[in-house]
Amino acid sequence: GIIKMACMLFFQTADDDCMCIPSGQVTSIENDGDGSVHVSFLNAGAAGGVIGVAELTATDGKEDDVVKRIAKICLTGRGVVTIADDVKNIYVEDVTAVGTITPGS
């Protein structure tokens with residue numbers, strides 16, 4: 001089941017490409033290879049619970065740290081928390097960019 005929402009996670013890759021998801025809809029945060037972390041989430045409104053993904057690039061060797069930081073934000077964060085914003089250059093520590101955002105719809 002979906003846990004109680006602690007905060008909203010914000011991702012932006014371009015002026016017209018951003019997403020804000022409830023932390024309670026995050027299904028996994030994965031170290032997906034050198035320099036890559038994927039945040040997967042459930043779109044509760046989609047038929048069959050479609051999974052969306054925000055692909056992040058991370059400092060090589062720090063992917064596990066990024067996974068833990070985002071997990072902690074999901075559990076303890078409040079309000080809207082920017083995970084990665086390529087437009088304003090705001091990132092969680094050791095996140096360097098947003099790769100692609102694949103919405104779950």
Side-chain angles (χ1 to χ4, degrees):
I2 294 175
I3 62 171
K4 182 180 175 191
M5 180 179 68
C7 63
M8 298 290 287
L9 307 180
F10 180 77
F11 304 87
Q12 183 157 11
T13 187
D15 285 337
D16 60 352
D17 192 359
C18 69
M19 172 176 67
C20 207
I21 60 169
S23 60
Q25 289 183 358
V26 172
T27 57
S28 67
I29 306 160
E30 305 173 63
N31 172 351
D32 201 37
D34 288 347
S36 183
V37 172
H38 291 177
V39 179
S40 299
F41 58 93
L42 180 66
N43 182 340
V50 176
I51 300 295
V53 180
E55 298 178 12
L56 307 175
T57 55
T59 305
D60 194 21
K62 297 290 188 176
E63 300 89 353
D64 290 349
D65 293 335
V66 169
V67 168
K68 291 174 188 174
R69 282 187 191 105
I70 296 172
K72 184 174 182 178
I73 290 166
C74 286
L75 294 172
T76 64
R78 292 289 178 258
V80 177
V81 179
T82 299
I83 302 299
D85 184 339
D86 289 343
V87 175
K88 294 185 178 175
N89 292 311
I90 300 169
Y91 304 97
V92 165
E93 185 180 351
D94 290 316
V95 172
T96 57
V98 179
T100 57
I101 297 171
T102 306
S105 58

Expected output: side-chain Asn31 to main-chain Gly33 donor-acceptor under 3.5 Å:
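Flag set: sc Asn31 to bb Gly33 pair under 3.5 Å.
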Within this structure, what is the [atom1]-[atom2] distance for the pair [X] and [Y], rounded to the nearest 0.5 Å?
| X | Y | atom1 | atom2 | result |
| --- | --- | --- | --- | --- |
| Phe41 | Ser28 | CZ | OG | 11.0 Å |
| Ile83 | Ile73 | CD1 | CD1 | 4.0 Å |
| Gln25 | Leu42 | CD | CG | 6.0 Å |

Show me the pairs that pass salt bridge (charged side-chain N to carboxylate O under 4.0 Å, His left out) and involve residues 19-42, at least two apart or across chains.
none
Does any pair with a residue in residues 91-102 pass salt bridge (charged side-chain N to carboxylate O under 4.0 Å, His left out), and if so which ones, sequence neighbours excluded?
Arg69-Glu93, Arg69-Asp94
Worked check of side-chain hydrogen bond (donor to acceptor under 3.5 Å, both in side chains) between Ser36 and His38
CA-CA 7 Å; Ser36 183; His38 291 177; 3.3 Å; yes
Could you tell me which residues satisfy side chain to side chain contact (heavy atoms under 4.5 Å, CB included) with [X], sequence neighbours excluded, listed by chain and number?
| X | answer |
| --- | --- |
| Thr76 | Lys72 |
| Val26 | Leu9, Ile21, Ile29, Val39, Cys74 |
| Gln12 | Phe10, Cys18, Asp85, Val87 |
| Asp86 | Thr13, Tyr91, Ala97, Val98 |

Which residues share a side-chain hydrogen bond (donor to acceptor under 3.5 Å, both in side chains) with [X], sequence neighbours left out:
| X | result |
| --- | --- |
| Asp17 | none |
| Glu63 | none |
| Thr57 | Thr96 |
| Thr27 | none |

Determine whether Val92 and Leu56 make a side-chain contact, defined as any pair of heavy atoms from C-beta on separated by less than 4.5 Å.
no
Work out which heavy atom in Cys7 is nearest to a heavy atom in Gly79; give both atom names and the distance.
CB-O, 3.1 Å
Testing the basics here: between Met8 and Cys20, what is the closest heavy-atom pair and its distance to 0.1 Å?
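Looking at all heavy atoms of both residues, the closest pair is CB-SG, 3.5 Å.
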